[in-house]
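Letters go in sequence order (proteins before strands), and every chain restarts at 1.
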2 protein chains.
Amino acid sequence: MPLPIRISHDSAEPLYHQIASQMRSLIFSGQLPAGTLLPSIRELAVETECSVITIRRVYQELESEGLVRTRQGTGTFVSEVEADRRGQYQYEAVRDALKQALERIKMSGLGEREVRDVFEQALRDVFPSEEGTR
Amino acid sequence: MPLPIRISHDSAEPLYHQIASQMRSLIFSGQLPAGTLLPSIRELAVETECSVITIRRVYQELESEGLVRTRQGTGTFVSEVEADRRGQYQYEAVRDALKQALERIKMSGLGEREVRDVFEQALRDVFPSEEGTR
DNA sequence: ATATGTGTTTATATCTATATACACAGTATA
DNA sequence: TATACTGTGTATATAGATATAAACACATAT
């Protein structure tokens, strides 16, 4: 089963960074629970249309952060992660992404009101009108 | 007068890319009208805390896109830009910035309430309390 | 044993960022 | 009117980060 990862080869953000970042989210959000066997570096390389070495680097980086554990000849597994780090990471990731987007939008000349409107509309796509939420 | 440019040395996005991207916005949005004399590469290098060569590269890239015109010994000036390209670029810039942030939000697994809270916080960071805006 | 799946190492190309020394344009001034 | 000065951009060489290919080594099941 392929991982829900979306990378862009046109983006200025380096490939290994995009992949690592998204895998952190998957792990911290619990979508990849501790013990899960990750795809082999070759599988993930195909899936993300990049080289095996790049994936290898991602796994190494995640291992150095204690998020995964890799064993030669066997595979790479998700490690146990303290609850503390979970919420913290997701919160900061979203906060940074939002800030960056807002900076970008502001620079285009839009004012606070317009930025809010644009974003409000976008949010409705992500959280499709749950009637009872109001 | 320094340009309203904000770059991050920690970001995964390359320096020259951050700078070029923001200068495009300034030009396309009309905040830097045609004929404007841009800061010298040394000034902008100091302002952005990067090397002269990096700024030079940015100016070269913008020149190759027809956005600026540079003359040795004199300086770099903003060129005339067709109205067509303006709206187009700004629209796409906003659209892409939003898209990226939303992808990140989806992947985080945070709920609507939390996302909205984070958004308000980020919005305040980017638009520091302009009292009269309401 | 050996076949097939893992991860690993080594060498290489390209991209990003830098420092240093150079060349041109305009201005002051002798 | 020369000429030196000070500001511009420019060229060359180099270091580090990013991405790759190809050959290697380990683990497990036949």
Side-chain angles (χ1 to χ4, degrees), chain A residues 1-3 5-24 27 32 35-79, chain B residues 1-3 5-24 27 32 35-79:
Chain A
M1 165 188 162
L3 296 184
I5 284 185
R6 290 214 152 271
I7 59 120
S8 162
H9 285 267
D10 301 326
S11 169
E13 186 182 359
L15 275 177
Y16 85 90
H17 197 279
Q18 292 182 49
I19 299 170
S21 166
Q22 294 186 33
M23 294 203 66
R24 282 190 203 97
I27 294 174
L32 289 176
T36 304
L37 172 60
L38 294 176
S40 77
I41 57 178
R42 285 171 184 82
E43 278 180 307
L44 192 48
V46 170
E47 186 183 336
T48 58
E49 291 178 309
C50 74
S51 96
V52 170
I53 318 291
T54 299
I55 305 298
R56 154 86 166 136
R57 175 170 176 184
V58 169
Y59 280 7
Q60 271 185 311
E61 195 159 301
L62 294 180
E63 180 161 34
S64 80
E65 299 168 5
L67 297 187
V68 306
R69 175 68 190 281
T70 188
R71 281 181 301 180
Q72 182 168 350
T74 306
T76 300
F77 300 83
V78 177
S79 303
Chain B
M1 168 187 165
L3 297 184
I5 283 185
R6 289 214 155 271
I7 60 120
S8 163
H9 285 267
D10 302 325
S11 168
E13 186 182 357
L15 274 177
Y16 85 91
H17 197 278
Q18 290 182 51
I19 300 171
S21 165
Q22 294 186 33
M23 293 203 65
R24 282 190 203 94
I27 294 174
L32 289 177
T36 304
L37 172 60
L38 294 177
S40 77
I41 57 178
R42 284 171 183 83
E43 279 180 306
L44 193 47
V46 170
E47 186 182 337
T48 58
E49 292 178 308
C50 74
S51 96
V52 170
I53 317 291
T54 299
I55 304 300
R56 155 86 164 136
R57 176 171 176 185
V58 169
Y59 280 6
Q60 273 186 312
E61 194 159 301
L62 294 179
E63 180 161 35
S64 81
E65 299 167 6
L67 297 188
V68 305
R69 174 67 190 283
T70 187
R71 281 182 301 180
Q72 182 169 351
T74 305
T76 301
F77 300 82
V78 177
S79 302

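Look at CD1 on A:Ile55: it is 18 Å from P on C:dT9, rounded to the nearest Å. Spacing between atom CD1 of A:Ile41 and atom P of C:dT9 amounts to 11 Å, rounded to whole angstrom units. The interatomic distance linking A:Phe77 (CZ) with C:dG5 (C1') rounds to 12 Å, in whole Å.
Taking 4.0 Å as the cutoff to heavy atoms of chain A, we find the contact window on DNA chain D bounded by D:dT18 to D:dA27.
OP1 or OP2 of C:dG5 has not a single side-chain nitrogen or oxygen of A:Ser40 nearer than 4.0 Å.
Side chain of A:His9 to main chain of A:Leu15: no donor-acceptor pair is present (N/O by atom type, distance under 3.5 Å, no hydrogens or angles).
A:Arg24 pairs with exactly one of A:Ile19, A:Leu32, A:Val58, A:Leu62 by the side chain to side chain contact (heavy atoms under 4.5 Å, CB included) rule, that one being A:Leu62.
The heavy-atom pair separating A:Gly66 from A:Ser79 by the smallest distance is O-CB, 3.5 Å. In this structure, B:Pro14 and A:Ala12 approach most closely via the heavy-atom pair CD-O, 3.4 Å. Scanning all heavy atoms of the two residues, the minimum distance from A:Val68 to A:Tyr59 falls at CG2-O, 3.7 Å.
Side-chain contact check for A:Pro39 versus A:Ile55: every heavy-atom pair is 4.5 Å or farther apart. In this structure, the side chains of A:Met23 and A:Leu67 stay at 4.5 Å or more apart for every pair of heavy atoms. By the 4.5 Å heavy-atom criterion applied to side chains, A:Glu43 and A:Val46 are not counted as neighbours.
One distance of note links CD1 of B:Ile7 with OG1 of B:Thr48; it measures 5.5 Å at 0.5 Å rounding. The structure places CD1 of A:Ile53 at 7.0 Å from CD1 of A:Ile41, a figure rounded to the nearest 0.5 Å. Taking CD of B:Glu47 as the start and CG of B:Leu44 as the end, the distance is 5.5 Å to the nearest 0.5 Å.
For DNA chain C, the neighbouring residues in residues 6-22 of chain B, judged by any heavy atom under 4.0 Å, are B:Pro14, B:Leu15, B:Tyr16. Shown for residues 58-73 of chain B: residues whose heavy atoms fall under 4.0 angstrom of DNA chain C, namely B:Gln72, B:Gly73.
Heavy-atom nearest nucleotides on DNA chain C were determined for B:Arg42 and for B:Arg57, and the one closer to the 5' end corresponds to B:Arg57.
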Protein-nucleotides 11-13 of chain C N/O pairs under 3.5 Å:
none

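By the salt bridge (Lys or Arg N to Asp or Glu O under 4.0 Å) test, A:Arg57 is found to be paired with no residue, residues two or more places apart in sequence or in another chain being considered.
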Between side-chain atoms of residues 69-77 of chain B and protein atoms elsewhere (two or more places apart, or another chain), which donor-acceptor pairs fall under 3.5 Å?
| unit_1 | atom_1 | unit_2 | atom_2 | d |
| --- | --- | --- | --- | --- |
| B:Thr70 | OG1 | B:Thr76 | OG1 | 2.9 |

